[in-house]
Amino acid sequence: MIRIQEWIYKFEVGEGTRLIRLLLAILALLALAALYDLREYKNFSTTEAMDSAQLARNIAEGKGFTTLFIRPLSIHLVEQRQIGVAQRTNDFALLKSGHPDLANPPVYPTLLAGLMKVLPFEWDIKGGIPFSRYQPEVLIALFNQALFFAAIVLVFRLAARLFDAYVAWTSALVLAGTDLFWRFSVSGLSTMLLVVIFLGLFWCLVLMEQAAREGRRSGGWWVLMAGVTGVLVGLGTLTRYSFGWLILPVAGFFGLYFGQRRAMLCLVGFVSFAAVVTPWLARNYNVSGTLFGTAGYAIVQNTVSGDRLERSLVPNFGDSLLHECLQKLLLNVGEMLQNELPKLGGSVTTVFFLVGLMVPFVNVGLGRMRIFLLGSLAVLILVQALGRTHLSTASLEINSENLLVLPAPLIFMYGVGMYSLLLDRLELPIVRLRHLVTGTLLFAASAPLILLLLPPREFPLAYPPYWPPWIQQFTHWMTEKELVMSDMPWATAWYGRRQSVWTTMNVQDPKNHDDFYTINDSKKPIRALYLTPLSMDARFFSQMLKGQDWAWGKFVVDSLMLTNGLPPGFPLKHSPLGPYLDSGHVFLTDWPRWKEEARSERGN
């Protein structure tokens, strides 16, 4: 009888109440995830998500770090490196033996590859039933949502350590109710993994800062913690190269607050960081002659000299490249300070964080960690501004170049901490009014997500231009070793599992020796051309006729106007789509492959 009373007491006022609250929080989060996935889930819509997923599949299938998404710039880099080291082969571009990926760091694709080894991924879309979701993308989304849940737990623990339980619960609820993070969780991008790594890095620095004030740790512990921070920055760099710049605020934090240990900590942290990233950078240099592959050219993209760089077989930079990069930096920083920083993370708690910058903390540790957070934010603003490419234009918020989302959970935490400080100074006549005010804050922070979950239901496909059944149907007429050219090669590589090169910047005739014929004649024959609304939906005069980016749209228009159809000498003349234009899609091959499939179906 006494034992039963003890259990009742624990569940009413003791440790059991914490367990019940925890279980209720987990169930509520899982219910929210189920509701979001049922109503607002959307298939992959970004280049980076499909690119990393198809790369992960190649790794899982034992093909190494090779890609089916071929950038003309990557062909150039690999070929120049092969020629430079005097390789004797007729496959300098490595299109026949397996083209090495030069765009993605290895950590996230490797994790996805492990997931593909464990879970039953179904690559082929079954016919005869309405299509709504691609099963591999659902599994990848669930993996990223698990990382999102881990981030919520980390924020809760950090807030409880730095502030109190009230701030911890409120910060966790704000993060769980932020629409931006839910969209990232189903995007297929590596962002949620980076958020977890950044929170782990922040946690290490919190432990080190507290140990420095208490003075109760041995020298070995300091070496270990500095090494862990360096490893975490290294892992983040191998998840997204731009993350590596955070080694600067980490070193600055060591130098500011760790007295006589600063030199040792900086050295150990940097050596650990270098030990993690150097082997991969050496691999990149070995296959391409560059440390970061095609990703290293992001700094010159979206400039006059570097525009359309990835689709150029021979990059050509102007004399004013440095001036153009500086102009790009200044313009993007100004735009970010005006538009992105005030709404950082998509939560109203950011306002409290910004206001709190004018209020010093009594707790020395909170102030020091805020300095590190501000330093990281400043570095990320500069890096994002200088590394912005066409990916940010194609998807404004949900893209791999959005670095400001990484410190957002911690900004929420500090914002809630400032809100709690202001709330304590209010003389509320009833204690429960405090909960009402906090409930109002949570509702305001979660309002975008709440409104999103209301009817009507989101269409689950990113169409146009991505319709996976069409992509699989077209590309499955090709063999695995044949080369396809497309204006969305990331999609034909992911859904169609065919080697796909990005449409070159020009296509005229064989006599002009442009990039299309250079690849077709001297690298590897192009057996099919697949164009989508990405090329077809351009403005007729200013873009299609006069713009350089839409040469293939102009090619289609010119072909429709010709009496005999395609230009003379063009090697791809056959189409299953009548006059080869249907719903903005064009598919051309070297011979009518679909007839062979039709004959085999009639034979069966």
Side-chain angles (χ1 to χ4, degrees), residues 151-152 154-156 158-159 162-164 166-181 184 191 195 198-199 201-202 205-206 209 245-246 248-249 252-253 256 330-385 388 396-397 402-426 437-449:
I152 294 173
L154 285 172
V155 167
F156 177 86
L158 279 168
L162 294 173
F163 294 94
D164 53 37
Y166 183 83
V167 174
W169 280 104
T170 307
S171 301
L173 290 173
V174 167
L175 180 57
T178 303
D179 169 56
L180 182 65
F181 283 90
F184 267 111
T191 300
V195 169
F198 185 77
L199 291 173
L201 173 64
F202 192 84
L205 295 179
V206 167
E209 190 280 330
W245 289 103
L246 289 179
L248 298 180
F253 188 79
L256 281 175
L330 295 177
L331 289 175
N332 286 340
V333 167
E335 189 273 334
M336 292 169 65
L337 294 178
Q338 182 178 0
N339 298 322
E340 296 188 32
L341 190 60
K343 59 176 184 179
L344 182 63
S347 174
V348 297
T349 54
T350 301
V351 176
F352 289 99
F353 169 77
L354 296 175
V355 172
L357 295 178
M358 298 181 290
V359 180
F361 284 108
V362 176
N363 186 320
V364 175
L366 282 175
R368 290 178 175 180
M369 295 313 303
R370 186 169 64 179
I371 292 295
F372 169 76
L373 185 58
L374 289 173
S376 300
L377 184 60
V379 169
L380 293 175
I381 287 174
L382 294 176
V383 174
Q384 179 174 325
R388 181 170 286 180
L396 295 179
E397 283 188 311
N402 187 348
L403 302 178
L404 298 189
V405 73
L406 304 184
L410 295 174
I411 289 173
F412 295 168
M413 180 185 72
Y414 269 91
V416 171
M418 183 61 193
Y419 157 80
S420 177
L421 180 64
L422 295 175
L423 189 61
D424 288 339
R425 296 184 178 181
L426 290 178
V437 174
T438 301
T440 304
L441 172 71
L442 292 175
F443 178 80
S446 305
L449 179 63

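Predicted, not measured: the structure shown is a model, and the values here were computed from it. What you see below is based on every heavy atom in this structure, not just the backbone, and it leaves out hydrogens, waters and symmetry mates. Along the sequence shown, residues are numbered consecutively beginning with 1.
Taking 4.5 Å as the limit, every side-chain heavy atom of Phe181 sits out of range of all side-chain heavy atoms of Ile152. Side-chain contact between Leu410 and Met369 is absent, with no heavy atoms from C-beta onward closer than 4.5 Å. Considering only heavy atoms from C-beta on, Ser376 stays 4.5 Å or farther from Phe202 through its side chain. Between Val437 and Tyr419 there is a side-chain heavy-atom pair separated by less than 4.5 Å. Taking the side chain as every heavy atom from C-beta outward, Ile381 and Leu404 approach each other to under 4.5 Å. Contact of the Leu337 side chain with the Val333 side chain is registered, since non-hydrogen atoms from C-beta on lie closer than 4.5 Å.
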query = Would Gln384 and Asn402 satisfy side chain to side chain contact (heavy atoms under 4.5 Å, CB included), going step by step from the backbone distance to the final call?
reply = CA-CA 7 Å; Gln384 179 174 325; Asn402 187 348; 4.1 Å; yes
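Shown here are the side chain to side chain contact (heavy atoms under 4.5 Å, CB included) partners of Ser420, two or more places apart in sequence or in another chain: Tyr166, Val167, Asp424, Arg434. Every residue was checked against the ring-ring contact (aromatic ring centres under 6.0 Å, His included) condition with Trp245, not counting sequence neighbours, and none meets it.
The shortest non-hydrogen separation linking Pro448 to Ala444 is CD-O, 4.0 Å. Here the closest non-hydrogen pair linking Gly345 and Thr178 is O-CG2, 3.2 Å. Leu377 and Pro407 get closest at one heavy-atom pair: CD1-CG, 4.1 Å.
With values rounded to the nearest 0.5 angstrom, Arg370 atom CZ is found 8.5 Å from Met418 atom CE. Here the straight-line distance linking atom CZ of Phe412 with atom CG of Leu173 works out to 13.0 Å at 0.5 Å rounding. Rounding to the nearest 0.5 Å places CZ of Arg368 at 9.5 Å from CG of Leu256. Between atom CG of residue Leu201 and atom CZ of residue Phe198 there is a gap of 6.5 Å, rounded to the nearest 0.5 Å. In this structure, Leu175 CG and Thr170 OG1 are separated by 12.5 Å, a value rounded to the nearest 0.5 Å. Between the CD atom of Glu340 and the CG atom of Asn332 there is a distance of 9.0 Å, given to the nearest 0.5 Å.
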Please tabulate, one pair per line, all N/O donor-acceptor pairs under 3.5 Å involving side-chain atoms of residues 350-365, not counting sequence neighbours.
| from | atom 1 | to | atom 2 | distance (Å) |
| --- | --- | --- | --- | --- |
| Thr350 | OG1 | Leu344 | O | 2.6 |
| Thr350 | OG1 | Ser347 | O | 3.2 |
| Asn363 | OD1 | Gly365 | N | 2.8 |
| Asn363 | OD1 | Leu366 | N | 3.4 |

